[in-house]
Amino acid sequence: MAEAASGSTDKSVQVKLVLLGEAAVGKSSVVLRFVSDEFQANKEPTIGAAFLTQKCRLEDRVLRYEIWDTAGQERFHSLAPMYYRNAQAAVVVYDITKASSLEKAKSWVKELQRQANPNIVIALAGNKLDLVQSSSSSSGTPLSESSEDEADDATATPGETPSSSSGEPESLRQVPREEAQAYATEAGLLFFETSAKTGEGVVEIFTEIAKKIPIEHILAATRGSVGRPGAAGRAGGAQEGAVNLEENANKPKDACNC
Amino acid sequence: MDINAVLSLGAEGEEDSYAGKLYLMAPYLAFSSLDKKSVRFTIPLSTVRRVERLNARAGIYALSLALWHGGKIIVQLTSLRPTADLFCALLRDALKIELQKGRMKSVKGFVKTCYSEVLVSAAAPTPSDEKDEAEGADDASESSYHGGLGLRFRFPGDPKKLREASKIKLWTTYLKSHGRNLTLLRYPQCTRLVQVGLPNRLRGEMWETLSGSLFLRYSNPGLYEQLLEQNTGRTTTSTEDIEKDLHRSLPEYAGYQSEEGINALRRVLQAYSFKNPELGYCQAMNILAAAILIYMSEEQAFWLLEVLCDRLLPGYYAPSMHGTLLDQRVFESLVQRCLPIIHDHFTTVDVQLSVASLPWFLSLYINSMPMIFAFRIVDCFFCMGPKVLFQVGLAILKINGEKLLQIQDDGGFLNLMRDYFASLGDSAHPNSSDPRARAITRFQELLLVSFREFSVITDDLILSERKRFRHEIIHSIETFSKRSAVRNLRSLGRFTKEQAGLVYDALYQAMCEGVEEKPETRIQLRTFQYFLSEIATWARDEKIVSNGFQQRIDRDVAEHEFIDRLFFFWDTSCCGALSFQDLVHGLDGVMFNDLMENIEWFFNLHDKNKDGFLTKDEVLTVSESFLFIFRFEVGDAYLGAVSRFMTNAFEYGDALLADSDQSQENQDQETQNQETQAGVDGEPLPIPSNQPYLNLATFRMVVLADEILESFFETDLSGSFRLDPVAELELQPSASGLLGEFWSTIATDNNKKMFNMFTDEIGKTIGKHQVIHRPSIGRYKNLEEPKARESLLTPGMRHSASKTSLRSSPSSSSLRPSSTASSTTATSQLLTVKVPSPPTGKDREPASAIGYSPMVQAANAALLARPAFTIDDAKDDDDDDTEDDLEIGDNDDQVMDEVDAFLEAHDSGLTDADKAVAKDLINAKPV
Ligand SMILES: Nc1nc2c(ncn2[C@@H]2O[C@H](COP(=O)(O)OP(=O)(O)OP(=O)(O)O)[C@@H](O)[C@H]2O)c(=O)[nH]1
Ligand SMILES: [Mg+2]
């Protein structure tokens, strides 16, 4: 369970983020990796939705992600709007070893684009990358290294991260990276391949989303609505506490503090 | 039947007597005290060993029932003597039946599967050493009683802390005196014992006893194994979903880290999904199943799951999850009522209650709080029913009330709840000076508050609240699924979203009427017929029924090969079923067409092998399709058009064929003339009836040669598809006179149906009953045949065949259709209409076309036999209303007299209900 990251400085911005995707693609695992840098092989299916928070530092700003991790089974679909209402960001997850999960992801994207907050930033994440990597390459891709690449490449060319060039036992892979990438570009999404198990690509999702979020917009909206009880409470409600950053937190590429 | 009774326990009767009601519902006997909760029992009649009428004081009628477990119950029947006698007689009969069925013998074997028997029969008292719990596996193997994974992998929680031994002792005493398993009598003591938590080893059995699933297991021996056997190796979406979650169900419990546990879980969930494929499998069921399997065997768990999903939590796990949504709505309204301040605060800061409470209900709190606590809530849930979920939910909010008023958003709410659940084992009053108060845990406090302060939440209240919100929920589910279905369409075609929504509405309607499927999936032919009847005028049979009292439209779904053809035409992926997308795509292909596109569409629809040619068979099918679509048109115009179509089609077809034959096979002079010799000299056919015959260009020519067909393809075909919902089933009742008044007072569906039947009956008797089919196109209403256009072919090529059919008209005059309804279906075998089709090689009979198509002949027959009187009546109903109403109004008195006469004459033939309706009808004459 994630410990709710506390504290809000003047620069801290709350970002509501929702995770969507077919059952068992690894949404909860991705969140768990991001929030507490752990992996549990057998995670119970999410019933309804789970809520976690995590801070993320981006240059001079701190984002506080409020993460809604939803249930994936089709019949929970009608509950989803309850969770994605007012969301500023969404991570739509599919499983690269299961072609049908990309189809489901596409339909989520479509729904978000039509039903959710119009400025919502959407990232597409192809999870379980470790399953298609030879054991050497998956273990040999430390977090920092890949995140450096990601950060330098920026969002436009994530297709050139080392993972795609390393030799993959392609037998398990059902969704070619290129195909998903092409779709993401066309639909205007951020795109990553991730592994909640190794941690690869997980932090990057949240960093890139943070970069793309129109923070000024959110800040302005929050400030502008101070008079309203709800919004005011939202901005000042969190308990005070020092922002706990790693030593290299000032480097933008290791933006996330987790 | 039920009867008033006073229950007491014979020899052991330390308990008070309870007044209540005794119910005989073979094969069960049940009792419920007046307050509906103090004392209850349900026992299978097969456990009754002996019934005696007690020799008591005069005026007292008492029965003593000896039950299988040795106990005795005494029921004093306090109803009137005859009622009591009747009850006894029925009871005797029911017992006899059970005896004959041999059910009495099955009891013994069954109770061996129950742990309670082991408890009670154990000569030695239960081991006082608490540690025994851990080594439970040993005696499990000795005895044949059913038990769960806990026997092998331990039960959650510390048996010492849970005070297992003393609980077992208490229960042993209770079960000895009050019966057990099949014959458990539920006295207040039972509920109290449940509330302090069931002992682990007895828990599974008590769950099934309290929930009633025990009876299902008892009356369906072997069914669980059978289900699994019959479905071995079967994979469905449910089994796939189940597979994903097997290792994700209480993974921290040792039993689910072993194959044994996983396999048991798989079998139970699969068996349920096979038993109830409509529900299948829903996430959260894995958690429930995993939880109950710790305490009970697979078979026990299977039946408990059935009771859970079907009865205790109806609709919770259904594909639409309507039950879950409904209970969330109910919960919200209860919070509003019982905890208004919290509710107001939530509204102000826009916090949604169900973000937290939905998982509580869906997983019976198992997913939310530590297992040992959740199981105690589950104990109460099975004992006291679904209201427990609401009571606990309200208590949680109430206890956290102050903190809840501080929260500002959904996230804060969830965090608070999570912290609270994590602290349930802590003392509720850590700072109290009284050590006993300090010993009370937060969980105990929660239960106290639940049952003390929210005792107002009764099952009846929940039921009525569910009723109150049902409509709202269903509506919002419908809107939601419609929106997402429309959104998920790959292509809207030329439809707007609203129009696609209307298509969806029709689809939804069809699914409600039909049998199968949910909107996300595909529909089969039967549902398609319903669907089409919502959209296309010719796909429904609409009868305007007048019987002198009212005029209404009766509507039926039409069935015809044409509709089947359309179904397969739209099934582009050839999977025998249509998706919403297929329907939208298919409708898009016909609703926006112009003349030429429509002709081509119709051509393609009938060109089965898509080679660009219709065969002769297919040309006949085309005419049958026409006849089907035009079957209710008034007048001869359409029949004439179809007849001309056939004539022309074969004429042109043969002519063109001849041309090409000529060019290809110049030397064969015979074939060149074949069309003139057709049917005369039996020349072998160059083209068999299933070979390419008519191409699109020719087809177009044939169609355009006819004014009616041209207008049909120009506008009427596309126009016959209408997306707006089909109007109500009856025409406006007459506003004048008594019938209008009467109508508005009986306006429920059932009443209307009865009224319709009744008035039809009367109408028939008084000769005012009339049924007119409403035309699907309704353009041409006159008898006169519009003139066929000049043939595009040279006069010399024209054949006299069209005249042939006309010539046969005199013979048809003898045909009298039984009613106006029988236009096209009044097939006449007497008529031999010569269809100008050349005979096939082997069959030299010119009339061979008859073999093809009785329908085509019938059309010709009907054309000629068409009675004139339909025209007067079958005007468009919209214009008709006023006129008819007036007529009814004018004739009211006369009609009523006739009714009186009818009623008098037919008095004995009417049921009481009919009579009542009739009397009302007559008395309702105040105006
Ligand atoms: N090998 C591998 N397994 C993973 C990865 N991520 C998740 N899993 C496994 O996939 C299964 C499902 O993971 P979850 O995180 O529970 O999936 P989810 O999307 O939250 O599922 P729902 O809550 O049912 O919608 C678990 O058994 C995880 O251990 C990954 O990156 N690599
Ligand atoms: Mg999850």
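Order of the sequence lines fixes the chain letters, A, B, ..., with proteins taken first and strands second; residue numbering starts at 1 for each chain.
Ranked by heavy-atom pairs under 4.5 Å with chain A, the list B/Ile477, B/Asn367, B/Ile407 is led by B/Asn367. When B/Gly411, B/Gly412, B/Ser476 are compared by the number of non-hydrogen pairs under 4.5 Å with chain A, B/Gly411 comes out ahead. The most heavy-atom pairs under 4.5 Å with chain B, out of A/Ser78, A/Pro81, A/Ser107, come from A/Ser78.
Residues passing the ring-ring contact (aromatic ring centres under 6.0 Å, His included) test with B/Phe346, sequence neighbours excluded: B/Phe413.
Checked for salt-bridge contact, B/Asp410 and A/Arg85 meet the test: a charged N lies under 4.0 Å from a carboxylate O.
Proximity to chain B (any heavy atom under 4.5 Å) is restricted, for A/Leu79, to the side chain, taken from C-beta onward. When heavy atoms are compared at a cutoff of 4.5 Å, B/Ala356 does not approach chain A at all. With a 4.5 angstrom heavy-atom cutoff, B/Leu250 touches chain A via backbone and side-chain atoms both. Interface residue B/Ser354: backbone and side-chain heavy atoms are both found under 4.5 Å from chain A. In this structure, the portion of A/Glu22 lying under 4.5 Å from any heavy atom of chain B is its side chain and not its backbone. Contact of B/Ile287 with chain A is made through the side chain alone, with heavy-atom distances under 4.5 Å. Looking at B/Gln328, there are no atoms closer than 4.5 Å to chain A (heavy atoms on both sides), in backbone or side chain.
With a 4.5 Å cut-off on side-chain heavy atoms, B/Asp409 and A/Glu66 count as touching. At a threshold of 4.5 Å between non-hydrogen side-chain atoms, the residues B/Asp245 and A/Gln73 do not count as touching.
Side-chain N or O atoms of B/Gln283 include none that pairs as donor or acceptor with a backbone N or O of A/Pro45 at under 3.5 Å. Under a 3.5 Å cut-off, the side chain of A/Arg75 and the backbone N or O of B/Tyr281 do form a donor-acceptor pair. No donor-acceptor distance shorter than 3.5 angstrom exists from the side chain of B/Lys244 to the backbone of A/Val25, with no hydrogens or angles considered.
A/Glu44 approaches B/Ser249 most closely through the heavy-atom pair OE2-C, 4.4 Å. In terms of heavy-atom proximity, A/Phe76 sits nearest to B/Cys282 at CE1-SG, 3.9 Å.
Atom CG of B/Leu353 and atom CE of A/Met82 lie 9.5 Å apart (nearest 0.5 Å). Here the CG atom belonging to B/Asn286 is positioned 6.0 Å from the CD1 atom belonging to A/Ile47, to the nearest 0.5 angstrom. Taken from OG in A/Ser100 to CD in B/Glu240, the straight-line distance is 8.5 Å, to the nearest 0.5 Å. Considering CG of A/Leu52 and CG of B/Leu414, their distance stands at 9.5 Å, rounded to 0.5 Å.
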